[in-house]
Every structure is written in structure tokens, then in C-alpha cells.
Amino acid sequence: LAMNAYNLSLDLQKKGKLKKPLAVAMENLFPEQYGAHPDEMIKLVKSSRDKMVDYLKNRGITNEKEAQEIAKRHITSTFDTGHLNMWRKYWVGDPNKSIEYNELEFNRWSLKKLGAMIDAGVIGHIHLDDNYGYQDEHLAPGEGNTPIREMVKLLKEKGYKGELIV
């Protein structure tokens with residue numbers, strides 16, 4: 001799919017119609033599915049990019065750095081704030097701590113994982129939606145308990161410049 005996105009982007013560029021390169025953007029879906037955990041998503045995106053580099057080399061792009069940049073442009077992830085928050089239902093807090101403390105610990109964990117995804121350079125765009133951590137309710141930001149404000153702040157601090165889709 002990424003090679004197809006690359007080839008279509010080249011065709012659109014030749015016709016003067018390319019506004020932004022097409023990309024495959026895997027989404028962190030529900031916790032019960034592989035790829036939903038941020039560590040898995042990082043692994044999926046990076047290993048897919050490595051495979052695309054191999055394809056590009058076999059098709060005549062011999063410059064490793066150029067092949068890596070092409071793969072990075074055409075294979076990304078969609079980070080969904082509400083989907084990450086759904087890991088809350090599996091969070092095991094400290095029974096000796098308050099509910100509020102354990103909620104804050106989950107929020108710290110989710111921000112740490114988002115930071116790892118940003119640092120790994122795998123996020124292509126963001127879905128900003130909220131929930132209470134148990135269902136994919138797609139509430140407006142601020143209507144649930146997803147730490148969206150802190151997530152957006154972290155994205156800005158780390159230089160994220162992509163789309164934020166509500």
C-alpha cells in the first residue's frame with residue numbers, strides 16, 4: 001500500500017495536482033487488537049518503513065537516506081487520543097493509593113507513551129476525541145477523562161506540526 005501511495009504521489013506531482021504526499025497511516029485501534037499499544041505501533045511503522053526501503057532499493061533507489069525519507073513520508077500512524085485512553089480499562093492501579101492517584105498515574109503513562117511515539121517519528125496525524133476509557137464514545141475533547149489538553153501540549157512541546165482532527 002505504501003508503494004502504491006508513493007507511486008500515486010509521484011503521478012499527482014507530475015500532473016501538478018499533489019498537495020500532500022499520500023500515506024498509509026495505521027491507527028492505534030482498540031486495546032484488544034495488535035498495534036493498539038504504542039510500543040506495537042512504533043514497531044509496526046518502523047518495520048514497515050524498513051520493508052519499504054528494501055522495496056525501493058530493489059526498484060533502483062540506491063541512496064539509503066533517500067529511500068528512508070520516502071518510506072517515512074508514506075508510512076505513518078494515526079494517533080487517536082480516545083483509543084489510547086481505552087487502555088484505562090486494563091490499568092491496574094496501586095490498591096494502597098487513592099482512585100485519583102491511580103487516575104493520574106494512568107495519565108502519566110499515556111503521556112509517556114505518546115511522547116515515545118512522537119520521539120520515534122511515527123505519528124502522521126491525530127484524531128482528537130474523548131471517552132471515559134471503556135468504550136470508543138467519540139465524545140468532544142473535554143467531555144471525558146482523556147488527558148487531551150496535556151497531550152496537545154506535549155505534541156506542541158515536541159514540535160508536532162501535523163493535523164489535529166476533531
Side-chain angles (χ1 to χ4, degrees), residues 1-87 109-131 133 135-141 144 146-166:
L1 287 173
M3 287 300 295
N4 193 38
Y6 169 62
N7 291 326
L8 287 172
S9 294
L10 288 176
D11 289 343
L12 289 169
Q13 187 176 24
K14 287 176 188 172
K15 295 174 184 174
K17 295 181 179 182
L18 182 68
K19 295 178 182 176
K20 180 180 176 185
L22 301 173
V24 173
M26 297 173 262
E27 186 169 353
N28 63 313
L29 290 173
F30 311 121
E32 298 80 14
Q33 297 174 322
Y34 184 78
H37 192 283
D39 296 343
E40 294 168 348
M41 182 58 68
I42 291 168
K43 181 180 176 185
L44 279 170
V45 171
K46 287 187 165 197
S47 63
S48 297
R49 287 176 178 169
D50 290 343
K51 185 59 87 174
M52 185 172 181
V53 167
D54 292 340
Y55 282 123
L56 290 165
K57 285 180 177 178
N58 288 333
R59 286 172 174 76
I61 297 178
T62 57
N63 183 312
E64 178 88 15
K65 188 170 179 140
E66 180 185 359
Q68 289 172 347
E69 285 300 315
I70 291 169
K72 186 175 182 180
R73 244 187 336 267
H74 296 284
I75 300 176
T76 67
S77 71
T78 297
F79 174 71
D80 187 301
T81 57
H83 293 170
L84 181 62
N85 197 51
M86 289 173 59
W87 283 93
W109 174 84
S110 65
L111 291 168
K112 178 182 171 188
K113 291 301 177 182
L114 172 57
M117 290 179 73
I118 298 166
D119 292 343
V122 299
I123 298 177
H125 67 281
I126 311 288
H127 287 174
L128 290 175
D129 61 279
D130 211 342
N131 60 44
Q135 295 179 348
D136 189 27
E137 299 168 284
H138 281 262
L139 302 174
T146 307
I148 293 175
R149 177 174 275 131
E150 295 85 352
M151 288 177 171
V152 171
K153 182 179 176 189
L154 180 62
L155 287 159
K156 287 181 179 182
E157 287 171 359
K158 290 189 171 273
Y160 176 76
K161 303 274 189 235
E163 291 99 356
L164 297 167
I165 301 163
V166 178

Look up atom CE in Met41 and atom NZ in Lys46, then write down how far apart they are to the nearest 0.5 Å. 14.0 Å

Give the minimum heavy-atom separation between Leu56 and Ala67, together with the two atoms involved. CD1-O, 3.5 Å

So which atom in Ala36 and which in Asn28 form the shortest heavy-atom distance, rounded to 0.1 Å? O-CB, 3.6 Å

Mark yes when over 12 heavy atoms from residues, nucleotides or ligands other than Ile165 sit less than 6.0 Å from its CD1; otherwise mark no. yes

So, do Pro147 and Asn85 sit near enough that their side-chain heavy atoms are less than 4.5 Å apart? yes

I need the full list of salt bridge (Lys or Arg N to Asp or Glu O under 4.0 Å) pairs touching residues 48-60, with sequence neighbours left out, sorted by first then second residue. Lys57-Glu64

Shortest non-hydrogen contact from Gly121 toward Lys72: O-CE, 4.0 Å

Atom OG1 in Thr78, atom NE2 in His83: separation rounded to 0.5 Å? 10.5 Å

Can a donor-acceptor pair be found, under 3.5 Å and without considering hydrogens, that links the side chain of His74 to the backbone of Leu22? yes

Any chance you could measure Leu114, atom CG, to Leu154, atom CG, to the nearest 0.5 Å? 5.0 Å

Which residues satisfy the ring pair (Phe, Tyr, Trp, His ring centres under 6.0 Å) test with Phe79, sequence neighbours excluded? none

For residues Leu139 and Asn131, report the shortest heavy-atom separation together with the two atoms involved. CD1-CA, 4.0 Å

Quick one, Ser48 and Met26 - any side-chain contact, counting heavy atoms below 4.5 Å? yes

Minimum heavy-atom distance between Val166 and Pro141, given as atom pair plus value: CG1-CD, 3.8 Å

Once ring pair (Phe, Tyr, Trp, His ring centres under 6.0 Å) is applied, do any residues pair with His125, and if so which ones, sequence neighbours excluded? His127

Counting C-beta onward and ignoring hydrogens, is there a side-chain heavy-atom pair between Met3 and Ile70 closer than 4.5 Å? no

Can you name the ring pair (Phe, Tyr, Trp, His ring centres under 6.0 Å) partners of Tyr55, sequence neighbours left out? none

Between Glu137 and Asp130, is any pair of side-chain heavy atoms under 4.5 Å apart? no

Rounded distance (nearest 0.5 Å) linking atom CD1 of Ile42 with atom OG of Ser47: 11.5 Å

Report yes or no: does Thr146 contribute a side-chain atom to a donor-acceptor pair with the main-chain N or O of Gly82 at less than 3.5 Å? no

Rounded distance (nearest 0.5 Å) linking atom CE of Met86 with atom CG of Leu29: 9.5 Å

For a 4.5 angstrom cut-off between non-hydrogen side-chain atoms, does Thr81 reach Asp129? yes

Closest heavy-atom pair and its distance - Ala2, Ile75: CB-CG1, 3.3 Å

Set of salt bridge (charged side-chain N to carboxylate O under 4.0 Å, His left out) partners for Lys112, sequence neighbours left out: none

Roughly how far apart are Gln68 CD and Asn63 CG, rounded to 0.5 Å? 9.0 Å

Please list all pairs passing the salt bridge (Lys or Arg N to Asp or Glu O under 4.0 Å) test where one or both residues lie in residues 16-41, with sequence neighbours left out. Lys20-Glu163, Glu32-Lys89, Asp39-Lys113

Heavy atoms, side chains only, cut-off 4.5 Å: are Met151 and Leu84 in contact? yes

